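To keep things clear, I will list the structure first and then write my remarks on it.
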Amino acid sequence: MPVAIITGASKGLGRALAEALAERGWNLVLDARTPQVLEDTVAALAAYGTRVAALPGDVTDAGHRAELVAAAWRLGGVDLLVSNASALGAEPLVRLEELPLDGLRRALEVNAVAALGLVQEALPLLRSAAAGAVVTVSSDAAAEAYETWGGYGASKAALDQLAAVLAAEEPGLRVWAVDPGDMATDLYAAAVPDDDGPRPDPADVVPALLRLLDERPASGRYAAPALLEGRR
Ligand SMILES: NC(=O)c1ccc[n+]([C@@H]2O[C@H](COP(=O)([O-])OP(=O)(O)OC[C@H]3O[C@@H](n4cnc5c(N)ncnc54)[C@H](OP(=O)(O)O)[C@@H]3O)[C@@H](O)[C@H]2O)c1
């Protein structure tokens, strides 16, 4: 069975994707920093009967990234790498004049540097997979100038460009940057605590990611709403 590494998979979009892939028979390597929440996710995934390696840790830790890839190797390889774990840089978000530079550094480190580090670690296994693919979870804040989203958006723009160049350098892989659109998750609540308007559940966005896996369009940047057209 195929193997996916999904970072930030204890809740939100990462967990919803893990459940959908487990339902399809994928074996999984998952991480998040908070062990108990990750354990709860693994317990929920047990119903699908696939193999799940859950490793608590921080994606910015190179040793942890190596452990994620080693765990995938033990499960058979890496068919899919999903860089989903993310940092906002400030919680709640603030205007650039107030953005702590250490917050910007953290957003860049988690969202871009760690994502590349994990790709570098996994590349040999991705290249030897029959249909290796990388998904980087982006945001419309990478492309639009929303007040207070500058640091996070800059880090996601960096991630988008890494994905685009990786796609050019690795024509044998698919590399998809995906803007999932707004979702009702802890990350959004931490970003904008006063904004409790209705937003899609992350599980409603997962079919967009599954469409990429099913149809394997060209590498590039995709937005979930377009991928979801005619899919739900
Ligand atoms: N929610 C939205 O409206 C929205 C919109 C556009 C894009 N996105 C993107 O969608 C992706 C998923 O976000 P979400 O909304 O589903 O967030 P979420 O529900 O808050 O989940 C984030 C996950 O990442 C883990 N995580 C965070 N930092 C980590 C780190 N340094 N190392 C390892 N794991 C880490 C979290 O667990 P721990 O905290 O225990 O580590 C959790 O499992 C992110 O890339 C986000 O930028 C979200």
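Predicted, not measured: the structure shown is a model, and the values here were computed from it. One-based numbering, in listed order, for ligands and for the atoms of each.
Against a heavy-atom cut-off of under 4.0 Å, Gly12 is close to the following atoms of ligand 1: 16 (O), 19 (O). Listed by atom number, the atoms of ligand 1 under 4.0 Å from Tyr152 heavy atoms are 7 (C), 8 (N), 9 (C), 46 (C), 47 (O). For ligand 1, the atoms lying closer than 4.0 Å to a non-hydrogen atom of Arg106 are 31 (N). Close approach to Thr34 involves these atoms of ligand 1, each under 4.0 Å from a residue heavy atom: 38 (P), 40 (O). Within ligand 1, the atoms closer than 4.0 Å to a non-hydrogen atom of Lys11 are 19 (O), 20 (O), 21 (O), 42 (C), 43 (O), numbered from 1 in the order shown. Less than 4.0 angstrom separates some heavy atom of Val137 from each of these atoms of ligand 1: 9 (C), 10 (O), 11 (C), 45 (O).
The shortest N/O to N/O separation between Val59 and ligand 1 falls below 3.5 Å. For ligand 1, none of its N or O atoms has an N or O atom of Gly14 under 3.5 Å away. Between Ser10 and ligand 1, at least one pair of N/O atoms sits closer than 3.5 Å. Every N/O-N/O distance between Ala85 and ligand 1 stays at or above 3.5 Å. Residue Ser86 has at least one N or O atom closer than 3.5 Å to an N or O atom of ligand 1.
Atom CG of residue Asp195 and atom CG of residue Leu93 lie 11.0 Å apart, to the nearest 0.5 angstrom. Atom CD of residue Glu19 and atom OH of residue Tyr48 lie 4.5 Å apart, to the nearest 0.5 angstrom. Distance check, rounded to the nearest 0.5 Å: CG of Leu101 to CG of Leu99 gives 7.0 Å. Taken to the nearest 0.5 Å, the CG atom of Leu166 stands 6.5 Å off from the CG atom of Leu173. Taken from OG1 in Thr136 to CG in Leu116, the straight-line distance is 11.0 Å, to the nearest 0.5 Å. The CZ atom of Arg65 sits 7.5 Å away from atom CG of Asp61, with the distance rounded to the nearest 0.5 Å.
Looking only at distances, a side-chain donor or acceptor of Thr7 sits under 3.5 Å from a matching main-chain atom of Asn84. The backbone N or O of Leu108 sits nowhere less than 3.5 Å from a side-chain atom of Ser155 that would complete a donor-acceptor pair. Remark: the backbone N or O of Pro217 is paired with a side-chain donor or acceptor of Arg174 at under 3.5 angstrom. Proximity of a side-chain donor or acceptor of Arg216 to a complementary backbone N or O of Ala131 within less than 3.5 Å is detected. Looking only at distances, no side-chain donor or acceptor of Arg199 sits under 3.5 Å from a matching main-chain atom of Asp182.
Using modelled atom types, one finds a donor on one side chain and an acceptor on the other under 3.5 Å when comparing Asp31 with His64. Using modelled atom types, one finds a donor on one side chain and an acceptor on the other under 3.5 Å when comparing Ser86 with Asn111. Side chains of Ser138 and Arg221: a donor on one and an acceptor on the other come within 3.5 Å.
When heavy-atom distances to ligand 1 are checked against a 4.0 Å cut-off, Asp31 comes that close only through its side chain, counted from C-beta outward. At a heavy-atom distance under 4.0 Å, no atom of Gln36 approaches ligand 1. Only the side chain of Pro180 comes within 4.0 Å of ligand 1, counting heavy atoms alone; its backbone N, CA, C and O stay farther away. Only the backbone of Ser138 comes within 4.0 Å of ligand 1, counting heavy atoms alone; no side-chain atom from C-beta on gets that close. Counting heavy atoms closer than 4.0 Å to ligand 1, residue Ala9 contributes backbone atoms (N, CA, C, O) but none from C-beta onward.
Closest protein heavy atom to atom 48 (C) of ligand 1: Met183 CE, 3.5 Å. Nearest to atom 5 (C) of ligand 1 among the protein's heavy atoms is Gly181 O, 3.2 Å. With hydrogens left out, the protein atom closest to atom 22 (C) of ligand 1 is Gly8 O, 4.4 Å, a heavy atom. Of all protein heavy atoms, the one closest to atom 15 (O) of ligand 1 is Thr185 OG1, 2.5 Å. Atom 16 (O) of ligand 1 has Leu13 N, 2.8 Å as its closest protein atom, hydrogens excluded (heavy atom only).
Within the 4.0 Å heavy-atom shell around ligand 1 one does not find Ala16. Ligand 1 lies less than 4.0 angstrom from a heavy atom belonging to Gly57. Ligand 1 has at least one atom lying under 4.0 Å from a heavy atom of Asp58.
For the residues Arg65, Arg33, Lys156, the heavy atom positioned nearest atom 30 (C) of ligand 1 is part of Arg33. Considering only non-hydrogen atoms, atom 11 (C) of ligand 1 lies nearest to Asn84 out of Asp182, Leu187, Val178, Asn84.
Scanning all heavy atoms of the two residues, the minimum distance from Leu55 to Ala71 falls at CD1-CB, 3.9 Å.
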